[in-house]
Amino acid sequence: MRYWLMKSEPDAFGIDDLQNRSQQTEHWDGVRNYQARNMMRDAMKIGDQVFFYHSNCAEPGIVGIARIAREGYPDFTAFDPDDKHFDPKSNPDKPTWIMVDVQFVRRLSRTISLKELKLKTELTELALLRRGNRLSIMPVSEQQWQFILGLE
DNA sequence: GCCAACGTTGGC
DNA sequence: GCCAACGTTGGC
């Protein structure tokens, strides 16, 4: 089993939104970055564990845990001209973009903030903290996962 | 709202 | 293939 961190802006789609979805599951659409796409397409497996991260908000940080509920399949929002994430270069025969389904597992008892994560020497290799990183999906090692959970 | 750090686009 | 211009992300 692998571990991941996925970013979302709570104003658009936060951990509460995921919890309130039917089956507490939602497809993770709109990723338009090749590195992130490749991870969803090639590496994410059902049952993988995910840190749900809130970005672009008052207190950026990890707020909950989710799991991969469905492995990579075509991101159909790319085919819809009216969709914000429409991409004319992608088509159903040969989809450019991929998404997975993510299921709510639990909230953390508190937000483990970006500020706090930055203070930990154990996490200097965490992709989230690497300089200039802007990936919305990134891998987390088992050691990093356990360490971060231990902060809760 | 500002701005650094990207990734992408397109002219050449 | 180079690189300037542009758009986006996301912390602050």
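Residue numbers start from 1 in every chain, and the chains themselves are labelled A, B, ... in the order their sequence lines are given, proteins ahead of strands.
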Side-chain donor/acceptor of [X] to backbone N/O of [Y], under 3.5 Å:
| X | Y | value |
| --- | --- | --- |
| A:Lys89 | A:Thr96 | no |
| A:Asp48 | A:Lys45 | yes |
| A:Gln103 | A:Gln23 | yes |

Is it possible for you to say whether A:Phe147 and A:Leu149 belong to one hydrophobic cluster, with membership spreading through side-chain heavy-atom contacts below 4.5 Å?
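Result: yes, single cluster for both.
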Quick one, give me the B/S/- string for nucleotides 3-11 of chain C, reading 5' to 3', where B means a protein heavy atom under 4.0 Å from the base and S means that only happens at the primed atoms, P, OP1 or OP2.
----BBBBB
Test side-chain hydrogen bond (donor to acceptor under 3.5 Å, both in side chains) applied to A:Asn38 - qualifying residues, sequence neighbours left out
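Residues passing side-chain hydrogen bond (donor to acceptor under 3.5 Å, both in side chains) with A:Asn38: A:Arg41.
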